[in-house]
Amino acid sequence: MPLLYPLVLAAALFGIGLYGVLARRNAVLMLLGVELMLNAANLNLVAFDAWFGDKMHSGQVLTLFTIALAAAEIGLGLAIILTLFRALRTVDVDQVGVDR
Amino acid sequence: MNVTEAVFLLFAIVAVVSALLAMTSHQLVHSALWLVVTLGSVAGCFVVMTAEFVAWVQVLVYVGSVVVLVIFALMMTRQPAAGPSAEVTGNRWAAGALGIVAAVGLGATVTAGFRGERIKGQRIGTARSIGDALFHDWVLGFEILSVVLLAALIGAIVISRSGSEH
């Protein structure tokens with residue numbers, strides 16, 4: 001399999017995730033965009049691991065670490081968003097200014 | 001084109017289309033469900049790239065728990081009067097242009113760097129081989145990661161409790 005297939009797929013997913021983070025108004029869906037970008041990075045790690053044939057399986061082990069970190073990140077992020085919602089009754093990032 | 005490449009391309013197309021739908025859908029719960037399709041297709045890509053254990057972890061952690069958490073959060077933070085057109089900000093065209101620039105730039109870079117390289121897949125990432133690597137060569141990172149997870153867990157509890165007092 002050409003190495004370019006997973007790399008180009010990862011680039012496309014990263015672009016879509018970046019659009020989601022920048023364009024979505026709901027804070028929970030911004031977090032989904034971050035997850036998509038992390039998945040693009042995971043795809044790169046696994047592709048280069050399979051291409052290089054590493055004896056230590058660096059890419060796949062680092063992918064496992066990234067997945068665990070993403071789980072921790074989404075737990076903390078959702079806790080912050082729920083606290084924000086309780087305080088301001090909204091999760092619209094345009095209505096949450098620095099002055100409030 | 002052999003069967004492996006055809007299966008990978010199928011998963012890739014499903015992943016890109018469902019990611020686009022997840023990031024543009026006006027129904028919030030539909031976005032989360034399209035993200036399930038995207039993450040499942042990426043897990044399929046992992047299997048094709050001989051990383052079967054990573055694929056199962058992806059299915060368990062992402063599809064199993066992260067998306068369930070997100071759907072819970074979407075239901076708990078439901079806005080009473082959210083119009084269907086109010087889901088994207090005003091700068092969505094700039095965001096779309098930036099996303100296209102990032103994707104094309106990254107794609108051009110990897111195409112220039114790795115054109116013609118092929119994945120042979122001589123080391124299969126089974127649970128046994130990944131476990132060997134994880135507990136022989138990567139023990140320190142594994143332990144640090146468990147401390148980070150514990151800190152995130154305690155942090156989430158503290159943030160939720162301090163928000164409920166007032």
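Note that this is a predicted model, so its numbers are computed, not measured. The basis for the numbers below is simple: all heavy atoms, side chains too, and nothing from hydrogens, waters or symmetry mates. Proteins get letters first, then strands, A, B, ... in listed order; numbering begins at 1 in each.
Taking A:Ile16, A:Asn44, A:Leu18 one by one and counting their heavy-atom pairs under 4.5 Å with chain B, the maximum is reached by A:Ile16. Ranked by heavy-atom pairs under 4.5 Å with chain A, the list B:Thr4, B:Val101, B:Thr24, B:Leu153 is led by B:Thr24. No other option in A:Val21, A:Ile74, A:Asn39 has as many heavy-atom pairs under 4.5 Å with chain B as A:Asn39. The candidate with the highest count of non-hydrogen atom pairs below 4.5 Å against chain A, out of B:Ala95, B:Ala152, B:Gly113, is B:Ala95. Comparing A:Leu4, A:Leu82, A:Ile81 by how many heavy-atom pairs each has under 4.5 Å with chain B, the most go to A:Leu4. With chain B as partner, the option from A:Leu13, A:Thr63, A:Val8 having the largest number of non-hydrogen pairs under 4.5 angstrom is A:Leu13. Contact count versus chain A (heavy atoms, under 4.5 Å) is highest, among B:Thr111, B:Thr38, B:Asn91, B:Asn2, for B:Thr111. Of the residues considered (B:Ser129, B:Ala102, B:Ala108, B:Ala97), B:Ser129 shows the highest number of contacts with chain A, using heavy-atom pairs under 4.5 Å.
With a 4.5 Å cut-off on non-hydrogen atoms, A:Leu62 touches chain B through its side chain but not through its backbone. With a 4.5 angstrom heavy-atom cutoff, A:Leu22 touches chain B via backbone and side-chain atoms both. Interface residue A:Phe14: only side-chain heavy atoms are found under 4.5 Å from chain B. Of the two parts of A:Ala68, the backbone and the side chain both hold a non-hydrogen atom closer than 4.5 Å to a non-hydrogen atom of chain B. Interface remark: A:Leu36 contributes side-chain atoms only to the contact with chain B (heavy atom separation under 4.5 Å).
Between A:Leu64 and B:Phe53 there is a side-chain heavy-atom pair separated by less than 4.5 Å. A 4.5 Å side-chain heavy-atom check between A:Phe65 and B:Leu134 finds at least one atom pair inside the cut-off. With contacts defined as side-chain heavy-atom distances shorter than 4.5 Å, the pair A:Tyr19/B:Leu20 does not qualify. Under the 4.5 Å side-chain criterion, counting only non-hydrogen atoms from C-beta, B:Tyr62 is in contact with A:Leu38. No side-chain heavy atom of B:Thr50 sits less than 4.5 Å from a side-chain heavy atom of A:Val46. Counting heavy atoms from C-beta outward, B:Phe8 and A:Leu9 have side chains that approach closer than 4.5 Å. For the pair B:Met49/A:Pro6, a side-chain contact is recorded, criterion being any heavy-atom separation below 4.5 Å from C-beta on. Put simply, the side chain of B:Val48 reaches to within 4.5 Å of the side chain of A:Met1, judged on heavy atoms.
Of all heavy-atom pairs spanning B:Ala103 and A:Ala12, the tightest one is CB-CA, 4.2 Å. Heavy-atom minimum distance, B:Ala156 versus A:Leu76: N-CD2, 3.5 Å. When all heavy atoms of B:Ala32 and A:Leu32 are compared, the pair lying nearest together is CA-CD1, 4.1 Å. Closest approach of B:Leu149 and A:Ala72 over heavy atoms only: CD2-CB, 3.7 Å.
Hydrophobic clustering, with ILVMFWY side chains joined whenever heavy atoms are under 4.5 angstrom apart, groups B:Ile13 together with B:Val37. Residues B:Val3 and B:Phe46 are members of one and the same hydrophobic cluster, defined by side-chain heavy-atom contacts under 4.5 angstrom among Ile, Leu, Val, Met, Phe, Trp and Tyr. Cluster annotation: B:Leu145 is connected to A:Leu45 through the hydrophobic network of ILVMFWY side chains, with a link wherever side-chain heavy atoms come within less than 4.5 Å. Linking ILVMFWY side-chain heavy atoms closer than 4.5 Å, directly or via other members, places B:Val16 and B:Val104 in two distinct hydrophobic clusters. In this structure, B:Val68 is not a member of the same hydrophobic cluster as B:Val66, with clusters built from ILVMFWY side-chain heavy atoms closer than 4.5 Å.
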- Message: Under the criterion side chain to side chain contact (heavy atoms under 4.5 Å, CB included), I'd like the reasoning laid out for B:Trp138 against A:His57: C-alpha separation, chi angles, the key distance, then a yes or no.
- Response: CA-CA 10 Å; B:Trp138 296 93; A:His57 276 302; 5.9 Å; no

- Item | Working for side chain to side chain contact (heavy atoms under 4.5 Å, CB included), residues A:Leu31 and B:Val70 | CA-CA 9 Å; A:Leu31 272 183; B:Val70 164; 6.0 Å; no

- Item | Step-by-step side chain to side chain contact (heavy atoms under 4.5 Å, CB included) determination, A:Tyr5 to B:Phe11 | CA-CA 11 Å; A:Tyr5 287 0; B:Phe11 277 128; over 6 Å; no

- Residues A:Val61, B:Asp137; criterion side chain to side chain contact (heavy atoms under 4.5 Å, CB included); working and verdict: CA-CA 10 Å; A:Val61 172; B:Asp137 302 321; over 6 Å; no

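At least one donor-acceptor pair under 3.5 Å links the side chain of A:Arg24 to the backbone N or O of B:Met23. Looking only at distances, a side-chain donor or acceptor of A:Arg86 sits under 3.5 Å from a matching main-chain atom of B:Ser160.
Taking CD of B:Glu117 as the start and CZ of A:Phe52 as the end, the distance is 11.5 Å to the nearest 0.5 Å. Summarising the geometry, atom CG belonging to A:Leu7 is positioned 10.0 Å from atom CG belonging to B:Leu106; distances are rounded to the nearest 0.5 Å. Distance CD1/A:Ile80 to CD1/B:Ile159: 4.5 Å, rounded to 0.5 Å.
Using modelled atom types and a 3.5 Å distance limit, the side chains of B:Gln58 and A:Asn42 yield no donor-acceptor pair.
The 12-atom threshold is not exceeded at CE of B:Met76, counting heavy atoms of other residues, nucleotides or ligands nearer than 6.0 Å.
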